[in-house]
Structures are given as structure tokens and as C-alpha cells.
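Since the structure comes first, as C-alpha cells, the remarks are kept for the end.
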Amino acid sequence: MKPVSLIQFLIEERRAGRINAELSLLIEVVARACKRIAVATSKGALGGVLGNAGSDNVQGEAQKKLDVISNEILLEANAWGGQLAACASEEMEDPQPIPDMYPKGNHLLLFDPLDGSSNIDVNISVGTIFSILRCPDGITEPAAEHFQQPGTEQLAAGYVVYGPATLMVLTFGHGTHEFTLDREVGSFTLSRRDIRIPEETAEFAINMSNQRHWEAPMQRYVGELLAGTEGPRAKDFNMRWVASMVADVHRIVTRGGVFFYPLDAKIKSKGGKLRLMYEANPMAFIIEQAGGAATTGRERIMELQPTGLHQRVPVFLGSRKEIELATHYHREADGAQG
Ligand SMILES: O=P(O)(O)OC[C@H]1O[C@](O)(COP(=O)(O)O)[C@@H](O)[C@@H]1O
Ligand SMILES: [Mg+2]
Ligand SMILES: [Mg+2]
């Protein structure tokens, strides 16, 4: 089969009327920026990109040098791209307007410039996650409230994994597709089209060290997985936890599985660990378009009405039947309590 580059794929999508020229160009700009981030991450200690930046972000987390470098690469690339009205990032409290000297567009871009920051210094896969929305008509200086649209309003979402290979996974709402960076030619090439995630799985991902803090329905669900063939599920389950959401989600996009970052007593006051606008919503869109499911344990993530740019939510995503069961246990427990 003749290789299909990302550019050719975007032309196909435009010809099919699934995306417009501006969105297509925006994806090209984001892809180009991620190629530069791939180079930066691959330098490691030699490039002086490891370690802390000496500053904290809006979440009160110590920023890694690569958090800051990746953020700047994405801001710089998108400032003069011409497709954006503004962008927002995990690493910035407020939305970043497009400088007046540059042409503006009708899209809003949200991103987690470097996901899996705790793994940077130990050379484990990290990534970039992004979500694209339409800027409301007539808004020239978008504020946080203009970004706060439900996940169902996303025009596109994607992530890039910087691992042994650099991969981009993308959806426009017409299936989920994977592109591999061909380092020799320097471009992303289609490696899997219309990905389907198996409905059933025997592989789960969760940070088990938080177990004692979980809610009862989560204790029950994971307890049954761990009981395996000796328990009510009558099947053994294997566990994985990379602690880079992009890598854990990419494993699921590749071979199925489930990923959980549930609410627990430690993070209850924050509403969860992962961020709705630039982690949960884009991943939910990608997973749903590949036949999987994504909930908070109670509600469909993409139907949530956002209340803040950096809002956190519980995340349950992956193989549909398992996510439905875990969600059912939570709703049932709420019902019993209701
Ligand atoms: O350290 P924990 O509790 O295992 O959490 C890991 C989770 O935190 C994250 O690193 C948060 O994302 P950032 O690295 O972008 O802040 C996720 O990628 C990952 O799933
Ligand atoms: Mg992240
Ligand atoms: Mg991050």
C-alpha cells in the first residue's frame, strides 16, 4: 500500500467535506510543533532539558524544563499560524491571545504541552495532548469562558507520544487514526486508519498506591479484577501503570484495556487529578471514536459542562464493556445511597 502522509490524509478529509482548510492547516501547525518537541525530548541530559524549571504552574506543580520548553514551542508555532483566536495551556493560568501583528482565525486550541512530566527525567514515554474548539462568533479576545464548551463541541483532538517511535493519534469525529513520524523524511505517515478498541479486555491501569483512598464502588470493581478466576469475574486481569496518561491511553488504543484515575479522599476537594479541558475531553473523544467509552464513573465525560479552564475530573476510559461495568457500580452505589 502506498504510504499516506498526514498532509495527504488532511487533503482527503477536506475533499470529503469532513474538515475545512483552516482546521487542516491548524493540525499541520500543531504537528510541526510536536516534531520540534520530539527533538527537544530526545536530547535528554545532553541538551540540558532534564530537571526542574525552578517555577510552579497554575496547578501549583513544579514545572519541568520540558514543560516550559514544550509550552513555548506550541505558543510560538501557533502565534503566527493564522488559524487561532487564542490558545490555553496546562502551564498558563489564562488563555493566551494571538499577538495583534499576526492574522487571527476562528479556532481555540487547548493543550497539555508535556504529559507525563514525572517520567521525563527517567526517560519513559511522555507526550502532548490537544483539543480544538470553534471560537464563538463575534469574540475577538477570547476569555476562559469561551473555552468552556462541552467535549461534544470539539472539532478535533489528538495526542503525540514521544516514545521509541513518535506517534500522533487524531480524530475529527470520523474515526480515530494513527500516524507515525518517519524521521528520515521528517513527516507523519498514516500507520493505522479507523482504529477499533476491543469491547472486552483483561488489562487495567490505575495507580494502586491510592487504593485505600478510593470510594467503595472503586474498591469493589478493582477488588473483583484482582480476585481474577477465584472471584465473581471468573477471569484473570493484568495490570499496567506507566504514569504518563498518553502512554497508558496509547496502549489501550493499540490493544484495548481500561484506564482509571478515580476520585479519592486525597484529591476529592480538587474534583480529581486529571484536567477536563486538555486531558480528559480530548482523550474521551479519541477513545469514543475508536468504539470505547469515557466517563467520570458517573457521567459521560464529553457531556460535562465545564466550569473552569483547569477543572479536574475523575477519568474512566477504554474498552466499553469494562467502563460500563465500573460506571454501573458507581451509579448503583449512588442509587443505594440516594
Ligand atoms: O503520579 P500519578 O498519581 O501516578 O499520576 C500520573 C498521572 O499524572 C499525569 O502525569 C498528569 O499529567 P501532567 O504530567 O501533564 O501534569 C498523567 O500523565 C498521569 O496519568
Ligand atoms: Mg497531563
Ligand atoms: Mg503536562
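In each ligand, atom 1 is the first atom listed, and ligand 1 is the first ligand listed.
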Point to revise | Heavy-atom proximity to atom 14 (O) of ligand 1, best of A205, S209, G116 | key: G116
**Study point:** Nearest option to atom 17 (C) of ligand 1, as decided by whichever heavy atom of I120, D248, D115, D67 sits closest
**Key:** D115
Check your understanding: Is S117 in polar range of ligand 1, meaning some N or O pair under 3.5 Å apart?
Key -> yes
Check your understanding: Would H310 and Y278 satisfy side chain to side chain donor-acceptor pair (under 3.5 Å), going step by step from the backbone distance to the final call?
Key -> CA-CA 8 Å; H310 303 287; Y278 40 79; 2.7 Å; yes
Check your understanding: Atom OH in Y162, atom OG in S244: separation rounded to 0.5 Å?
Key -> 12.0 Å
Study note, to complete from the structure: Heavy-atom nearest pair, R134 first then Q149, reads O-NE2, 3.0 Å
Point to revise | Where the Mg ion (ligand 3) is the vertex, angle from E90 OE1 to L114 O to 10° | key: 160°
**Study point:** Considering all heavy atoms, the nearest L167-F188 contact
**Key:** C-CE2, 4.3 Å
Check your understanding: Restricting to N, O or S atoms of D115, which is nearest to the Mg ion (ligand 2)?
Key -> OD1
Review point. Against heavy atoms of L114, which atoms of ligand 1 measure under 4.0 Å?
Key: 15 (O)
Exercise for review: I would like to know whether R220 and E332 meet salt bridge (Lys or Arg N to Asp or Glu O under 4.0 Å); could you show each step before the answer?
Suggested key: CA-CA 12 Å; R220 174 189 174 192; E332 191 185 48; 2.9 Å; yes
Check your understanding: N71 and S89: which non-hydrogen atoms are nearest, and at how many Å?
Key -> OD1-OG, 2.7 Å
Review point. D112: which N/O/S atom is nearest the Mg ion (ligand 2)?
Key: OD2
Study note, to complete from the structure: Numbered in order shown, the ligand 1 atoms found under 4.0 Å of a heavy atom of E90 are 13 (P), 15 (O), 16 (O)
Point to revise | Which N, O or S atom of E279 lies nearest to the Mg ion (ligand 2), by name | key: OE2
**Study point:** Numbered atoms and elements of ligand 1 in range of Y261, under 4.0 angstrom, heavy atoms
**Key:** 2 (P), 3 (O), 5 (O)
Point to revise | Nitrogen or oxygen of V246 less than 3.5 angstrom from that of ligand 1 | key: no
Review point. For ligand 1, which atoms, with element, lie under 4.0 Å from some heavy atom of S244?
Key: 18 (O)
Exercise for review: Begin with the C-alpha distance, continue with both residues' side-chain angles, and end with the deciding distance and a verdict on salt bridge (Lys or Arg N to Asp or Glu O under 4.0 Å) for E61 and R275.
Suggested key: CA-CA 13 Å; E61 294 158 349; R275 283 55 59 123; 3.5 Å; yes
Check your understanding: Do I98 and L309 share a hydrophobic cluster, counting only Ile, Leu, Val, Met, Phe, Trp and Tyr and linking them when any side-chain heavy atoms are less than 4.5 Å apart?
Key -> no
Review point. Looking at R275, which atoms of ligand 1 are within less than 4.0 Å of one of its heavy atoms?
Key: 11 (C), 12 (O), 13 (P), 15 (O), 16 (O)
Review point. Tell me: protein heavy atom nearest atom 1 (O) of ligand 1, and distance?
Key: K273 NZ, 4.0 Å
Point to revise | S70 vs R36, side chain to side chain donor-acceptor pair (under 3.5 Å): CA-CA, chis, key distance, verdict | key: CA-CA 9 Å; S70 310; R36 288 176 53 201; over 6 Å; no
Practice item. Look at the rings of F259 and W241 and say which category their plane angle falls in: under 30° parallel, 30 to 60° tilted, over 60° perpendicular. Key: parallel
Check your understanding: To which protein heavy atom is atom 20 (O) of ligand 1 closest, and what is the distance rounded to 0.1 Å?
Key -> M245 N, 3.4 Å
**Study point:** Distance-only N or O hit between ligand 1 and D112, under 3.5 Å
**Key:** yes
Exercise for review: May I ask you to decide if the ring planes of F179 and F9 are parallel, tilted or perpendicular, using 30° and 60° as cut-offs?
Suggested key: perpendicular
Practice item. Starting from atom 6 (C) of ligand 1, find the nearest protein heavy-atom neighbour and note its residue, name and distance. Key: A243 O, 3.7 Å
